[in-house]
2 protein chains.
Amino acid sequence: MFSTASNAQPNFGAFAGMKPQLVTLDELFASTPRETLDIGEGLFWQGDRAQHIFEITEGVLRIFKIIGDGRRVITGFLYAGDMVGLSLKDVYLYSAEAVTAVKVRRLTRKAFQDAIENSPELRPQLFSLMCDEMAAAQEQMVLLSRKSAEERLCSFFLMIGRRHAGGQVPRMVELAMSRQDIADYLGLTIETVSRTITKLIQRGIITPNGRHAFDVTKPGKLLALCGDGDSYEELGGSGVKTRQAVWPN
Amino acid sequence: MFSTASNAQPNFGAFAGMKPQLVTLDELFASTPRETLDIGEGLFWQGDRAQHIFEITEGVLRIFKIIGDGRRVITGFLYAGDMVGLSLKDVYLYSAEAVTAVKVRRLTRKAFQDAIENSPELRPQLFSLMCDEMAAAQEQMVLLSRKSAEERLCSFFLMIGRRHAGGQVPRMVELAMSRQDIADYLGLTIETVSRTITKLIQRGIITPNGRHAFDVTKPGKLLALCGDGDSYEELGGSGVKTRQAVWPN
DNA sequence: CGAACCGTTGAAAGCATTCAACCTCGGTGG
DNA sequence: CCACCGAGGTTGAATGCTTTCAACGGTTCG
């Protein structure tokens with residue numbers, strides 16, 4: 001399952017014999033060999049013994065669950081810098097597969113836990129990551145629970161695009177994954193995804209740029225259609241009405 | 001953003017005058033005053049400055065998000081022993097309201113963080129809770145993404161019932177919340193919830209016991225209808241086919 | 001060049017929603 | 001004590017969005 005191309009990076013500047021001080025989670029993985037995954041290849045499967053934590057160095061991974069009759073739900077896409085495999089169950093609760101060619105590094109759970117336990121620097125970083133992941137999961141619940149197909153697609157494009165636009169509304173969106181992957185992530189069928197994208201194109205909101213990329217022709221409209229209203233709005237209590245900058249169209 | 005189901009144990013024996021060693025998260029809150037919330041009362045709102053972490057001592061809380069045009073999504077119900085408010089954003093990303101009368105204890109974020117940072121005992125517990133919550137969130141995504149109304153209701157009854165049946169398939173389910181709450185949690189309308197429950201009753205799978213409780217007349221059927229297949233099944237790779245005990249009917 | 005895969009488009013069907021009326025149960029006040 | 005009211009819940013009919021089933025177009029690769 002693994003081809004290991006070892007480009008282990010040298011451990012920069014630490015006096016010989018001294019244990020280097022870890023300051024970022026990234027560095028935790030830096031000394032382990034990189035492994036590569038081909039397109040479609042699995043990293044681990046739902047039900048496997050969970051023995052490692054992985055850091056994605058390059059490429060895109062999908063994590064998904066399969067229920068009874070074969071229905072697949074993609075619960076997330078992971079990009080370079082993300083970690084996967086975090087859990088305290090002894091088996092993985094989901095599967096991970098490469099969407100594109102992927103490079104990862106791995107650490108045993110024990111090694112990871114020890115490192116975390118021994119580093120007051122690392123703990124807040126881990127906590128932060130887990131909180132972000134939880135926030136993303138809740139956003140996804142909102143999407144799956146109450147958004148229309150159009151809103152789901154717009155939300156998805158915004159999410160993917162923002163990742164490469166420093167959080168700004170993107171002018172371009174590159175999709176690494178297939179329509180089927182998108183459908184399984186958004187809780188739709190491949191046909192509905194396709195039809196909805198076609199409509200967004202016809203309305204001039206996005207413009208195709210190859211099959212897996214779009215230019216966002218009307219960022220403001222895309223934002224308006226994602227179903228999130230302004231931002232955090234009228235919610236009783238201390239509802240602070242935040243207003244977004246107005247976008248062209 | 002945190003639910004968490006914890007079974008806190010009592011602090012056994014600490015010598016008088018000595019600072020007791022904290023061994024459970026529960027004890028962290030034990031010395032703070034209890035506060036009460038009436039039915040429907042809010043604990044905090046989406047957008048409020050997130051200054052406290054709460055532990056629910058008694059009752060049921062709902063946490064939810066509201067988007068643009070007033071659509072409400074309940075992302076979880078919290079029971080005694082659960083914690084809420086965990087996050088590293090400076091504002092809460094969701095609101096929390098009392099479903100029943102509720103008693104809570106609160107800790108400032110700083111106090112909580114300090115306690116965690118200073119206790120090697122507490123950290124794994126917190127980590128464990130966060131992982132459980134993440135697992136629950138993913139299960140919910142599966143439910144919202146791919147399950148039919150009937151499967152959602154059956155999954156919901158199982159989830160609620162198991163909480164009071166030590167994880168076993170329950171023989172009885174008590175619902176603290178209204179049909180509207182259930183609908184907003186399952187991504188359905190109140191009418192669909194009502195109709196689906198009626199059908200389950202007509203088929204003899206559950207038997208009403210007041211308006212907010214059911215006897216599970218056919219636990220096996222309930223389990224079969226929840227849409228989870230056996231448990232973790234055919235998933236390629238090391239797919240270990242696990243088989244459940246067979247239930248009556 | 002053809003097979004296979006991915007994506008798009010069309011038509012029909014289905015499940016949940018919407019709109020609306022009705023029921024049921026507590027609580028309240030005459 | 002009982003009629004009335006209102007909130008929460010149930011049921012019916014029509015609508016609609018997404019799915020399903022099916023056919024077709026385009027690209028890649030052997």
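In the text below, chain A, chain B and the rest are named by the order of the sequence lines, each starting its count at 1.
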Peer 1: Please list, by residue number, the residues of residues 179-202 of chain B whose heavy atoms come closer than 4.0 Å to an atom of DNA chain D; answer none if no residue qualifies.
Peer 2: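 Correct list: B:Arg179, B:Glu191, B:Ser194, B:Arg195, B:Thr198.
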Peer 1: May I ask you to list the residues of residues 142-152 of chain B, by number, that have any heavy atom positioned under 4.0 Å from an atom of DNA chain C?
Peer 2: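 Under 4.0 Å from DNA chain C: B:Ser148, B:Ala149.
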Peer 1: Side chains of A:Leu37 and A:Leu61, heavy atoms from C-beta outward: is any pair under 4.5 Å?
Peer 2: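 Counting from C-beta outward, A:Leu37 and A:Leu61 do come under 4.5 Å.
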Peer 1: Between A:Phe64 and A:Trp45, how do the two ring planes meet: parallel, tilted or perpendicular, split at 30° and 60°?
Peer 2: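 Plane angle over 60°, so perpendicular.
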Peer 1: Is it true that A:Asp132 and B:Lys89 make a salt bridge, defined as a side-chain N closer than 4.0 Å to a carboxylate O?
Peer 2: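 The answer is yes: the pair qualifies as a salt bridge.
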Peer 1: In Å, rounded to the nearest 0.5 Å, how long is the span from OG1 of B:Thr196 to CZ of B:Arg152?
Peer 2: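 Separation between the atoms: 10.0 Å.
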Peer 1: Using 30° and 60° as the class boundaries, would you call the ring planes of B:Phe44 and B:Tyr92 parallel, tilted or perpendicular?
Peer 2: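 Plane angle under 30°, so parallel.
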Peer 1: Expressed in angstrom and rounded to an integer, what is the separation of B:His212 atom NE2 from C:dC25 atom C1'?
Peer 2: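 It works out to 11 Å between those atoms.
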Peer 1: Tell me whether the count of non-hydrogen atoms from other residues, nucleotides or ligands lying under 6.0 Å of CD in A:Glu174 goes above 12.
Peer 2: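 Atom CD in A:Glu174 is not crowded, with 12 or fewer foreign heavy atoms closer than 6.0 Å.
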Peer 1: Given A:Val104, which partner from the list A:Arg34, A:Glu55, A:Glu35 fulfils the side chain to side chain contact (heavy atoms under 4.5 Å, CB included) test?
Peer 2: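 Only one option passes, and that is A:Glu35.
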Peer 1: Between the side chains of A:Lys199 and A:Glu150, is the shortest nitrogen-to-carboxylate-oxygen separation below 4.0 Å, so that they form an ion pair?
Peer 2: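 Answer for the salt bridge query: no.
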Peer 1: Using whole Å, report how far CD1 of A:Ile39 lies from P of C:dC5.
Peer 2: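 Spelled out: CD1 on A:Ile39 to P on C:dC5 is 15 Å.
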